[in-house]
Each structure stands twice: as C-alpha cells, then as structure tokens.
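Both counts, for ligands and for their atoms, begin at 1 and track the order of listing. These figures come from a predicted structure and were not determined experimentally. Computed over heavy atoms, backbone and side chain alike; hydrogens, waters and symmetry mates excluded.
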Amino acid sequence: MPTMRAAFATRFDDANPLAALAVGERPEPAHPADDWVTVQVRASSLNHHDLWSLRGVGLTEAQLPMILGCDAAGVDPEGNEVVVYPVVPTPGDPRGMSILSEHFPGTLAERVAVPRANLVPLPEGLTLTDAACLPTAWLTAWRMLTTKGRVDEAEAVLVQGAGGGVATAAVALAVAMGKRVYATSRDAGKRERIAALGATAVESGARLPERVDVVIETVGAATFDHSMKSAAPGARIVVSGATSGHEPKVNLRRVFAMQLEIVGTSMGTPGELYDLLAFCADRQVRPVVDSVVPFSKVEEAFARLHGGEVFGKIVVDHTA
Ligand SMILES: NC(=O)c1ccc[n+]([C@@H]2O[C@H](COP(=O)([O-])OP(=O)(O)OC[C@H]3O[C@@H](n4cnc5c(N)ncnc54)[C@H](OP(=O)(O)O)[C@@H]3O)[C@@H](O)[C@H]2O)c1
C-alpha cells in the first residue's frame, strides 16, 4: 500500500499531549466519494485544535490513528494553487459536518483529500504560507467579527488572550476595519507585540477606558467575567473557544440588564472564506506568523504551541 509522511495521533494523553504525537508513514488519503480530490500540501499551520485532538477531545479511540491538521494550502490535481476549506459534510455527526482531522484525515501530511467544492483558488498577492494560516483561526475570527459580532455597527472591540491564532487574527482584522481595538494579555512581551498591530494592549482583567460593542472570547473561564464587565449595552460577546476552561460563572443579571448577546460560533462558511481571502488580498492584511517550521521538525512546532509562548500562527513548510 502506498504511504506518505504524516503527523498523527496514535493515542490520547490529556496530561502530556505531545507524548501522543507520532510522525511517520500513513496510507495515502482515500476518496470517500467521486467528487473528492487529492491536494499536494505545500504549507499547513497548527491550531490549538491539534492539541485538543491529542488529548482526546472530539476523537474516539476507534478513530485512531488520525492524521492531525485543519489548515492547508497546496496544489490541486490540475496544478492550481489552492486554499483548502476544512469543513466537510459528515453524515452521522450531530453537526452534519466535521473539520479535517475529526472524521477524515487532516492536513499534516504530504497529501490530503477533500471534496472538490472545498478548494478555493489562492488569490493573487497571497503566498501559500500566508494562505495556510487562514482557513481555521482566521476564518473563525472573521465570522466572529462580521456575521456574529456585527462589527459594522461597532466602534470598539475587545480581544481576549492576545497571543493566540484567533486572537491575533481578530486584532489584525478589526484594526484593518478601522475599529478601536483593545487586547488583553498576561504577558508584557505579547502586549508590546499586539500594540504594534494597532491595538491598545492591557493586562488581563484590567479596566478598559470605554465599554466595547464586540468581545472576541477564546480564552473562556479565565477572562469571561472581564468580557462581561467590559461589554457596552447590547454588546455581542462572541465565543469560539475556551482554552482556560469552559464553565465560567455567568452573572445573568448583567446579561439581561445590559441586554448582552452571548453568541457561540465555530469556523465559517465557504463564502466567508472567500470574503476573508479577498479582504486580506485587497487590504494588504497578512497573517501574523509566529514561525515557519520545516515538516521534518513538526514535533518542535507542536512543543512550541503547547508551551504557550506563541504569538500568531505556526506554519509548517511541507516542502522542507
Ligand atoms: N470554534 C472554532 O471554530 C475554533 C477555531 C479556532 C480555534 N478555536 C478555539 O479557540 C481557542 C483559541 O485557540 P488559538 O489556537 O487561537 O490560541 P491558544 O493557543 O489557545 O491561545 C489563546 C490565548 O489564550 C490565553 N490563555 C490561555 N490560558 C489562559 C489563562 N489561563 N488565563 C488567561 N489567558 C489564557 C493566552 O493569552 P495570553 O498568554 O496572551 O494571556 C493565549 O495566547 C482554542 O480553545 C481553540 O480550540 C476554535
């Protein structure tokens, strides 16, 4: 059976997800239906999702070994440069869909198979490295701001946990949209870097000079109370992750008195990915890249993500 190089989960380890990571040969991706095609992956990027998978969140033992990775940019069978939209229709999943690496093998491999409809042409001006950052974290941030947060109606935006992939995307996008952007971080170095992107950086939990209309929340329990207190009447607190814990205390009096909307969201639609790519290409917005790591050192990339020192996206170069 022909094989290819891949990074995959062989087991689950909640305490030390890095111990559950394997790098080696896996079978070439199968096509579950006629409309699927194989993409040669040139660049991918890591997401916190990959660490959740190694911890066993969203996967079962029966699905192992599972190739990790949600994001990819590469070359389609006709030789066109493409961005891979990572959400795949999945009958049997309660959501009706899944993200690559949940039911179908992910992008951290030489090749990945997806429905042809999931291929989006690489816009002029964007590199494959840039594009590999966009389909998960950046798409999530885009939908949080636009469709869910209705940022058009907003003047000020708060982004919690400024170093993460979604958070740096939200800051860069909201600044490019001309909003006043506040961003929290526990780390002075990250505050300096987020300020360089055009946000007002504050310590986690610090009082803001004004209440905001949209809050971008991916940190969860550690920051949720601050998100609530920082919200203006009618504000949208948009939640797409809960890195620090998913069961915060919620003051319901504040929710109804301030008429807050707490809105959940996950990923985005293909149309939103087209809009995001066009926005980045037209407005010269480029993803915040923490580092580019050759595939041969993918374990080091995972260790860096797990260490929490990351600022922006870690890109994996599949040509090296
Ligand atoms: N639903 C979706 O479609 C979707 C898509 C992408 C990501 N996500 C989720 O969104 C979350 C963010 O993912 P990510 O990859 O962007 O970044 P991440 O690596 O999870 O980091 C996010 C930030 O969280 C902050 N943080 C972590 N623990 C904290 C704590 N105890 N107290 C305060 N702050 C803390 C850190 O900020 P500082 O160090 O700056 O304080 C860190 O920079 C994840 O849970 C992920 O699963 C969801």
Side-chain angles (χ1 to χ4, degrees), residues 17 44-59 68-71 85-88 95 97-102 106 133-145 147-148 158-173 182-195 197 199 201-206 215-227 238-248 263-269 272-273 276 287-291 301-315:
S44 63
S45 71
L46 298 191
N47 289 286
H48 210 95
H49 189 280
D50 302 310
L51 290 176
W52 291 126
S53 299
L54 290 166
R55 290 192 169 107
V57 177
L59 285 176
L68 301 168
C70 307
D71 286 326
Y85 173 65
V87 181
V88 181
R95 300 164 296 175
M97 58 81 170
S98 66
I99 305 169
L100 291 174
S101 80
E102 292 181 344
C133 299
L134 301 178
T136 301
W138 276 67
L139 177 60
T140 301
W142 174 263
R143 179 174 169 86
M144 291 175 88
L145 286 167
T147 315
K148 298 290 185 174
L158 167 63
V159 180
Q160 298 282 16
V166 178
T168 48
V171 168
L173 290 168
Y182 301 93
T184 65
S185 176
R186 296 163 298 175
D187 181 84
K190 287 187 192 174
R191 288 199 295 276
E192 223 170 87
R193 294 182 74 180
I194 209 74
L197 293 177
V202 300
E203 279 183 45
S204 300
V215 182
I216 299 298
E217 186 45 277
T218 59
V219 179
T223 53
F224 204 74
D225 192 52
H226 180 247
S227 294
V238 190
V239 184
S240 75
T243 299
S244 68
H246 59 274
E247 292 183 324
V263 185
T265 188
S266 200
M267 304 298 284
T269 64
E272 286 165 338
L273 181 56
L276 167 64
V288 182
V289 174
D290 173 86
S291 45
F302 270 87
R304 185 166 170 76
L305 183 67
H306 188 236
E309 294 311 308
V310 177
F311 188 84
K313 297 286 292 172
I314 300 177
V315 177

Looking only at distances, can you tell me whether any N or O atom of A167, backbone or side chain, sits closer than 3.5 Å to an N or O atom of ligand 1?
no
Is T265 in contact with ligand 1, taking contact as a heavy-atom separation below 4.0 Å?
yes
Short N or O distance, T136 and ligand 1, threshold 3.5 Å exclusive
no
At less than 4.0 angstrom from any non-hydrogen atom of S240, what atoms of ligand 1 do you find?
1 (N), 2 (C), 4 (C), 8 (N), 9 (C), 10 (O), 48 (C)
Atom indices of ligand 1, in the order listed, that fall short of 4.0 Å to a heavy atom of S185:
38 (P), 40 (O), 41 (O)
Nearest heavy-atom approach of P17 to L51 is CB-O, 4.0 Å
Nearest-0.5 Å distance, SG of residue C70 to CD1 of residue I99:
5.5 Å
Identity of the nearest option to atom 6 (C) of ligand 1, non-hydrogen atoms only, from I194, L139, V166:
V166
Heavy atoms, side chains only, cut-off 4.5 Å: are N47 and K313 in contact?
yes
Hey, looking at atom 39 (O) of ligand 1, which of M267, R193, H246, K190 has the closest heavy atom?
K190
Within a distance under 4.0 Å of any heavy atom of A242, pick out the atoms of ligand 1 and give their elements.
45 (O)
Does any part of the side chain of L134, heavy atoms only, come nearer than 4.5 Å to the side chain of W142, both counted from C-beta?
no
At what distance is the nearest protein heavy atom to atom 19 (O) of ligand 1, and which residue and atom is it?
H48 ND1, 3.0 Å
So T265 and K148, side-chain hydrogen bond (donor to acceptor under 3.5 Å, both in side chains) or not? Walk me through it.
CA-CA 8 Å; T265 188; K148 298 290 185 174; 4.8 Å; no
Is any side-chain heavy atom of I194 closer than 4.5 Å to a side-chain heavy atom of T168?
yes
Residue and atom name of the nearest protein heavy atom (relative to atom 47 (O) of ligand 1), distance in Å to one decimal:
W52 NE1, 2.9 Å
Which one of R186, H49, R191 has a non-hydrogen atom at the shortest distance from atom 33 (C) of ligand 1?
R186
Nearest-contact summary for atom 44 (C) of ligand 1 - protein heavy atom, Å:
T243 OG1, 3.2 Å
Close side-chain approach of V315 to C133, heavy-atom, < 4.5 Å:
yes
Quick check on V219 - does any of its heavy atoms sit under 4.0 Å from an atom of ligand 1?
yes
Are any of the side-chain heavy atoms of L158 and H226 separated by less than 4.5 Å?
yes
Roughly how far, to the nearest 0.5 Å, is the CD atom of E272 from the OG1 atom of T147?
3.5 Å
Ligand 1 N/O within reach of S244 N/O, cut-off under 3.5 Å:
no
E217 side-chain N/O to V219 backbone N/O, donor-acceptor pair under 3.5 Å
yes
Can you tell me which residue and heavy atom of the protein come closest to atom 5 (C) of ligand 1, and the distance to 0.1 Å?
T140 OG1, 3.1 Å
L305-ligand 1 polar pair, N/O distance under 3.5 Å:
no
The atoms of ligand 1 lying under 4.0 Å from a heavy atom of A162, numbered in the order shown, are 40 (O)
Option of least heavy-atom distance to atom 43 (O) of ligand 1 (set: A141, G58, G164):
G164
List every atom of ligand 1 that sits less than 4.0 Å from any heavy atom of A222, numbering the atoms from 1 in the order shown and giving each element.
30 (C), 31 (N), 32 (N), 33 (C)
If the cut-off is 4.0 Å to any non-hydrogen atom of S266, which atoms of ligand 1 fall inside it?
1 (N), 2 (C), 3 (O)
For M144 and V166, the nearest pair of non-hydrogen atoms, with its separation, is SD-CG1, 3.9 Å
Run the numbers for me: atoms of ligand 1, each under 4.0 Å from some heavy atom of G165, listed by number.
14 (P), 16 (O), 17 (O)
Polar-atom distance check: T184 versus ligand 1, any N or O pair below 3.5 Å?
no
Close side-chain approach of M267 to R143, heavy-atom, < 4.5 Å
no
Looking only at protein heavy atoms, what sits closest to atom 37 (O) of ligand 1 is G161 CA, 3.3 Å
Flag, side chain of D71 to backbone of S44, donor-acceptor distance under 3.5 Å
no
In terms of atom number and element, which parts of ligand 1 are under 4.0 angstrom from non-hydrogen atoms of T218?
10 (O), 11 (C), 12 (C)
Do L173 and L276 come within less than 4.5 Å of each other through their side chains, counting heavy atoms only?
yes
